[in-house]
Structure formats: C-alpha cells, structure tokens
Amino acid sequence: MNTVRTVLSSREFLAPIIITLLVGASFFVAPDILRGLAVLVGFGILCVESWERIRGHKWNLDYIAFLALLTAAFFGEWLSGAVLALMVSVSAALELFGTHRAEKTLRGLFEKFPKEVLMQTESGVLSKPIQDVNEGEAFLVRTNEMVPLDATLLADNALLNEANLTGEMEPVEYRKGKFVKSGCVNLGPVILLESRGDFEHSSYRKILTLVERGKQQQSPLVRLAERSNWIFTLVTLMFAFGALIIFQDWERFLAVLVIATPCPLLIAAPVSFLGGLSRAARNSIVIKSPSVLEALAKTKTLFFDKTGTLTLGEPELKRIEVLQSFYTERQVLEIAAALEWSSLHPVAKSLVHANEDRGGELLSAKHVEEKIGDGIYGVIDGKRYRIGKSDALHAGSGIISELSCEGTAIAQFSFDDTIKEDVEKLFEYFRTRDYSIGILTGDKRANAHRLFGHFRIPVYAECSPAKKSALVMRQQQEGKLVGMVGDGMNDAPALALADVGIVFSGTENSASIEAADVAILGRDVWKIRDAVHIGRRSYQVARQSIVIGIGLSLIGMIFAFFGFIPPVYGAVLQEVIDVVVIVNALRSTY
C-alpha cells in the first residue's frame with residue numbers, strides 16, 4: 001500500500017489521472033470535447049517522450065500509438081483514442097517514476113561533500129570553502145570529522161579510521177610527517193594538517209569521480225518492449241494497410257491499429273517490475289529502479305566486499321590469555337574495560353561491551369591517559385596499568401592487545417571479525433546455479449584468507465577502490481553482467497560501475513547507499529539471495545506477460561482485419577487484453 005500511495009502521489013502520474021477524469025466525465029457531459037482533450041494529452045505525452053528519446057539517439061519510438069491516435073482523431077473515434085491515450089500515459093508515468101528515483105542517488109552523494117575547512121591562520125581559526133584551499137595551507141580536523149584534503153600530519157600523532165578508503169575495521173595510528181589521504185575520519189583529539197594539493201585532486205574526490213563515471217558508464221538495459229517493438233510494428237502495419245488496400249475500409253485500418261497498439265509491451269514490464277519493487281520493499285530490500293530487477297535476473301557474476309558485508313565489520317573479543325597466575329580472566333577484563341571506558345577506539349568499545357555482557361564490575365580508573373601509538377595508561381587500586389597493541393602480533397592472527405601492570409604483561413586479548421550467519425549457505429546457493437563469485441577486500445591477504453580461505457572462492461586482497469573498479473570492469477569487458485555487494489565508501493566506485501550494485505545499509509554509510517542500485521536494510525546476507533530471486537521472478541513474469549499480450553493482440557488483429565471488430569469494440573478489447581496482462585504481471589508482487 002505504501003508503494004501505491006507513493007506512486008499515486010508522484011507528479012509523473014498527474015497525466016494519467018487527468019486523462020482518467022476526462023474519460024470518466026465524458027460519459028456524462030460533452031463526450032467528444034472531453035475525449036478529444038484526453039487524446040490531445042496522450043499525443044502530447046508521446047511527443048515529449050519521443051523527443052527525449054531522439055535526443056538520446058534512440059529511434060525505437062511507439063509509431064503505432066502515433067498513427068492510431070492520429071487516425072482516431074481524423075475519423076472522430078474519440079473513445080478509442082482516449083483509451084489509447086490513457087494506456088500510453090500510464091506506461092510513460094511508470095518509466096519516469098523509476099528513472100527519477102534512480103537519478104536522485106548520484107545527486108544525494110555529491111551533496112554530502114565537505115563544504116568548508118577549518119583553517120589555522122596567524123589571526124586564529126577561520127572557515128574556508130574547500131575549493132579555495134591551496135597546497136601548503138594548514139587546517140584543523142576535529143574529533144569524528146573527515147579529513148577533507150590529502151595532507152601531511154603536523155600533529156605529533158593521530159588515530160584515523162580509514163574505512164572510507166579501505167573498508168577495514170582497525171583504526172590506523174599516524175605519526176607526525178606522515179601523508180594522510182582525504183576521506184579518513186579522525187578518532188582522536190583535534191589534529192593539525194598541511195594540505196597537499198587541492199580538493200579536485202584529493203583521494204576522496206577521486207573516489208567520488210569514479211562513482212560518477214561508473215554511473216555514466218553503466219550498461220544500458222533496453223526495455224523489454226523495445227526488443228520486440230520493431231517486429232510487432234511491422235506486423236501491425238502489414239495487417240492495417242493490408243485491410244485498407246484489400247477491403248478499402250478505414251474502419252478496419254483503425255481497428256487493427258487500436259487493437260495492436262503495443263500496450264502489453266508498454267505496460268507488462270513496468271507493472272511486473274513495480275510489483276517486484278513492492279515485494280522487495282516488504283522484505284526490507286530497497287530497489288532504486290525497475291531496470292535493476294532485469295539486471296538482477298541476468299547478472300551471473302558477483303563480487304562481495306568482505307568487512308561489513310560478509311562479516312560483522314567490528315572487532316569482537318575472541319580469546320583472553322592470562323599471563324600471570326595471580327589474575328583471573330574476569331579480573332583482567334574488568335581492568336581493561338576500566339582503562340578503555342572513555343576511548344573511541346573500536347577495540348576499546350569491544351572490551352567494554354564484553355565486560356558488560358559477562359557481568360563484570362565497572363572499576364574506577366584514575367589518571368587515565370591515552371597516548372596514540374602507545375596505548376592507554378591509568379591507575380586502578382594504586383597500580384599503574386597500560387593496555388595497547390601487543391608486540392606479539394603476527395601476520396594473519398587478527399588484532400591482539402596486551403594488558404600490563406607496572407611494566408609486566410599480565411594478559412593478552414585477541415580480537416577478530418566474525419563471519420555473518422548464512423554466508424556459507426549463500427555461497428552454496430550461487431554455486432549450484434552456476435554463478436561466478438569472488439571476494440574483494442582492502443584487508444591484508446593473510447587476514448582475508450584466514451577467514452575465507454576454506455570456502456574455495458577467489459579472494460582479491462589489499463584492493464584499493466580503483467582496483468575493485470578495475471576488476472569489475474575487466475569482467476564487463478569480457479561481456480559479462482557484474483554485480484557488486486558492499487557496504488563502505490571504498491566500495492562506492494565499484495558499486496556504481498557494476499551493472500547492479502547491492503549495499504548493506506546497516507552501517508548507515510550514505511556514500512555506498514547512494515552509489516548502489518539495491519539497498520538491503522540490516523545485515524542479513526540471505527537477503528542478497530532474496531533480491532536476486534525477486535529480480536529473476538519479476539523478469540520472468542514480465543516476459544510471460546508480454547508474450548500473452550502480443551499473442552492476444554495478434555488474434556484480435558486478425559479478427560479486426562476481417563471486419564469482425566469495429567474500432568470502438570477494438571478499444572474495449574484492447575483494454576481487456578491490458579487487464580489480462582496487468583493481472584498476470586501483478587503476480588510478481590507475491
């Protein structure tokens with residue numbers, strides 16, 4: 001019902017509503033005038049739609065509808081023409097509705113650009129438009145704000161989240177003088193940086209440029225109607241002009257055109273796809289354009305991002321190793337949680353949550369001091385403790401933090417990401433249906449293979465946003481339709497470039513959501529299968545509806561050719577055919 005209300009309240013459906021009101025009123029007053037106005041509105045819609053297609057160098061227009069409307073107007077068959085105008089307007093409205101919603105995605109993404117930068121000057125701090133910042137100028141980035149420009153770190157140290165660039169969960173510690181890419185988020189206190197280049201050449205801007213280019217290069221999926229329209233048009237004209245030449249009867253000519261007007265072609269796909277959109281919405285899957293359903297049905301190559309897509313994307317405490325026998329596991333966790341209580345580091349949050357989940361006591365830590373790159377220090381019950389990254393960290397072993405007391409290590413905490421439920425079942429589903437699947441991740445090769453090596457799926461590790469896009473493009477150049485499933489800003493270019501991009505919105509990453517074609521609300525990976533299934537069913541129902549509509553129209557044309565169906569009854573018959581097609585197409589809703 002929400003989908004129906006959204007459709008009816010859209011400006012695109014104003015013309016069909018007007019035509020419906022004109023036709024309805026014509027049965028009570030001024031029939032010829034009101035129906036003539038309806039025909040005029042329908043003809044205007046055809047002209048505007050045709051002009052837009054011609055401007056896009058597309059010549060597959062609805063010639064039969066043009067000819068039928070002109071013939072109906074010439075011979076005063078206003079009811080037939082009005083019904084035809086209504087069908088044309090509904091089809092155009094459905095197509096515009098989906099197209100306009102899709103166009104909002106890229107506009108919304110660019111509206112989220114950082115607009116201004118806090119500049120450090122001799123006279124103090126002032127705000128400056130990002131486009132006006134030049135190389136060598138110093139600027140500030142506050143806690144939880146994005147680094148807007150590529151820069152060199154002037155502060156002694158910084159803790160930055162690189163998820164926008166790599167998609168990975170672990171923050172990165174930076175030292176003074178290190179190059180910082182735009183798009184990182186500052187997790188620590190205010191930091192001072194010096195710009196290296198302008199906004200147009202920054203790393204973050206390059207990612208957004210890739211997104212824009214991907215949307216422009218996306219493979220155009222021609223409407224189902226257009227693939228059959230040329231042949232159907234030629235067959236129709238043969239019947240119509242054959243009736244005119246053989247029988248010298250303009251009524252038969254018009255009757256054939258009215259019955260043959262390819263409303264089933266124009267309506268079947270939009271109605272079926274709109275039903276698919278409604279069904280997807282009920283399953284918490286937002287599909288941004290009807291054409292995406294066709295892409296979902298035909299795409300047989302799928303790439304998956306790792307962190308946040310196939311995994312939860314958050315460090316989870318996996319193991320506690322007590323190194324001194326006079327401490328218990330509960331005690332070291334309580335001490336670690338007390339030290340980490342006020343830290344913004346994801347590992348700190350994981351320790352605090354783990355202590356809460358296990359019913360641990362909240363200890364009081366005094367003189368807590370966080371030294372980026374070194375760890376967190378604090379005094380508990382008169383003893384000075386420190387927790388920080390362990391020197392015992394080995395490649396592929398996840399994240400290990402070490403807790404020490406007065407310089408002596410007393411415990412180690414091991415963290416790792418967690419594979420989502422149903423991932424194995426999802427991979428098996430696509431394998432049994434001959435899909436080609438792979439995993440793209442910005443994470444280190446050892447970490448990626450530790451988690452996913454046993455699935456026997458190609459894993460492309462240490463992928464930058466540009467490399468992910470290149471892998472998608474390589475498959476497209478081989479003639480394949482490619483789907484990309486991700487959740488982070490670093491996935492946005494590949495999501496936009498892919499023939500169908502699927503994103504999880506559970507992380508609320510607006511950039512990736514805007515770049516994708518399908519947004520899955522929540523984190524359930526099995527909904528990827530649901531989205532593909534809905535796309536395949538919608539496409540199959542649309543094709544079936546088109547075949548039924550064309551078949552019934554051909555039968556009706558034959559009867560009209562031999563004079564058994566006059567134009568007015570032909571219009572009614574065409575409406576019956578449309579109803580049959582629509583009812584069948586609505587099966588995609590269930």
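Because the structure is a prediction, the values reported are computed rather than measured.
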Side chain proximity check, [X] to [Y], heavy atoms < 4.5 angstrom:
X      : Y      : value
Thr299 : Tyr435 : no
Leu154 : Leu193 : no
Leu440 : Asp305 : no

Taking the side chain from [X] and the backbone from [Y], do they hold a donor-acceptor pair closer than 3.5 Å?
X      : Y      : value
Ser195 : Ala151 : no
Glu334 : Gly360 : no
Glu294 : Tyr539 : no
Ser350 : Pro315 : yes
His533 : Arg529 : no
Lys389 : Gly375 : no
Asn283 : Ile285 : no
Asn186 : Val141 : yes
Thr309 : Lys306 : no
Lys300 : Arg433 : yes

Looking at every heavy atom in both [X] and [Y], which two are closest together, and how far apart are they?
X      : Y      : answer
Ala336 : Ile387 : CB-CD1, 3.8 Å
Ala494 : Val472 : CB-CG2, 4.1 Å
Ala448 : Thr441 : CB-CG2, 3.9 Å

So among Leu403, Leu333, Thr328, which one has a side chain to side chain contact (heavy atoms under 4.5 Å, CB included) with Ile320?
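Only match with Ile320 under side chain to side chain contact (heavy atoms under 4.5 Å, CB included): Leu333.
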So Phe304 and Phe430, would you call those rings parallel, tilted or perpendicular, with 30° and 60° as cut-offs?
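Because their plane-to-plane angle lies in the 30° to 60° range, the rings of Phe304 and Phe430 count as tilted.
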Hey, are Glu428 and Lys425 close enough for a salt bridge, meaning a charged N less than 4.0 Å from a carboxylate O?
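Salt bridge flag = no for Lys425 with Glu428.
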Glu173 with Arg175: basic N within carboxylate O range, under 4.0 Å
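Salt bridge flag = no for Arg175 with Glu173.
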Assess whether atom [atom1] of [X] is packed by more than 12 heavy atoms of other residues, nucleotides or ligands within 6.0 Å.
X      : atom1 : value
Glu462 : CD    : yes
Arg431 : CZ    : yes
Gln324 : CD    : yes

Salt bridge (charged side-chain N to carboxylate O under 4.0 Å, His left out), that's the test. Do Asp499 and Lys298 meet it? Break it down for me.
CA-CA 10 Å; Asp499 297 284; Lys298 294 188 171 185; over 6 Å; no
Verify side-chain hydrogen bond (donor to acceptor under 3.5 Å, both in side chains) between Glu316 and Thr418, making sure each step is shown before the conclusion.
CA-CA 7 Å; Glu316 182 180 354; Thr418 301; 2.5 Å; yes
Any chance you could measure Ile400, atom CD1, to Lys318, atom NZ, to the nearest 0.5 Å?
14.0 Å
